[in-house]
Amino acid sequence: MDYCEFFDLHNIRYQKGLSDEEFNQIESLYSIVFPDELRKMYKQALPVSEGFYNWRDLSDDNIELIKKAINRPFEYFYKHASEVYWNDEWGEKSDSIDEIRSFVREKLSEASQLIPIFAHRYMPMINDITNPIFSIHGIDIIIYGESLDEYLKVEFGEKKQSSTVLLNSFNVPFWSEVI
């Protein structure tokens, strides 16, 4: 996809793409590694319209904003561990709330890191050919796109989320298990 063309079409403000030096600085600062698919987009163009995360802005307030966005899903799921969807593959669910909470928190400790893209939409920090985009609000989670390109089309009205066909069997530790 030509991201500049896509962003222009949808009136999304963007800046020139990130340089390799900027990628290194950002990844070091946030202890992340952008998956190839996301790196490709950010090399072409960095969307900065409201809702997007401006990775180039290294002001204290913006760094704090992005760190909070990175940590938010983990904090919600940790805090509300006893309320998280119980995956049948985890075995029989205990009657003890403390045991459920402990089990879910242990599973969460194995979860893939998430990178915020737009508002509460996240890409797992996994370098597969394509990564699903998760919409995570509190402890509610759905797949909002099978890939970054599909997600952008859904988010900006070119495609309905309900028409997303999940052909791939995503195995994103923890996050795929709680959908």
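Counting begins at 1 with the first residue of the sequence.
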Q | Pairwise salt bridge (charged side-chain N to carboxylate O under 4.0 Å, His left out) hits with a residue in residues 18-33, at least two apart | A |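 Passing the test, one end in residues 18-33: Asp20-Lys43, Glu22-Arg56, Glu27-Arg39.
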Partners meeting side chain to side chain donor-acceptor pair (under 3.5 Å) with [X] (sequence neighbours left out):
X: Ser94; value: Glu99
X: Trp55; value: Tyr42
X: Asn24; value: none
X: Glu155; value: Arg121, Tyr151

Does [X] have any side-chain contact (heavy atoms from CB on, under 4.5 Å) partners at least two apart in sequence or in another chain, and if so, which?
X: Ser49; value: Ile12, Arg13, Phe52
X: Asp60; value: none
X: Glu92; value: none
X: Asp8; value: Tyr14

Do the side chain of [X] and the main chain of [Y] share a donor and acceptor less than 3.5 angstrom apart?
X: Ser28; Y: Gln25; result: no
X: Glu37; Y: Leu148; result: yes
X: Trp86; Y: Gly91; result: yes

Q. Under the salt bridge (Lys or Arg N to Asp or Glu O under 4.0 Å) test, which residues partner Lys107, sequence neighbours left out?
A. Glu177
Q.
Can you list everything that forms a salt bridge (Lys or Arg N to Asp or Glu O under 4.0 Å) with Asp98? Sequence neighbours excluded, please.
A.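 If we apply the salt bridge (Lys or Arg N to Asp or Glu O under 4.0 Å) test to Asp98, skipping adjacent residues, the hits are Arg101.
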Q. Is it true that the side chains of Asp57 and Ser59 contain a donor and an acceptor less than 3.5 Å apart?
A.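 On atom types as modelled, these side chains qualify, holding a pair under 3.5 Å.
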Q | Given Asn131, Asn171, Ile126, the one that forms side-chain contact (heavy atoms from CB on, under 4.5 Å) with Ser112 | A |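 In the set Asn131, Asn171, Ile126, the residue that makes a side-chain contact (heavy atoms from CB on, under 4.5 Å) with Ser112 is Ile126.
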Just list the side-chain donor-acceptor pairs under 3.5 Å for residues 63-83, sequence neighbours left out, or say none.
residue, atom, partner, partner atom, Å
Asn71, ND2, Lys67, O, 3.1
His80, ND1, Glu83, OE2, 3.4

(Q) Tell me whether the count of non-hydrogen atoms from other residues, nucleotides or ligands lying under 6.0 Å of CG in Asp2 goes above 12. (A) yes
Q) Around Ile97, counting heavy atoms of other residues, nucleotides and ligands shown, do more than 12 lie under 6.0 Å from its CD1? A) no
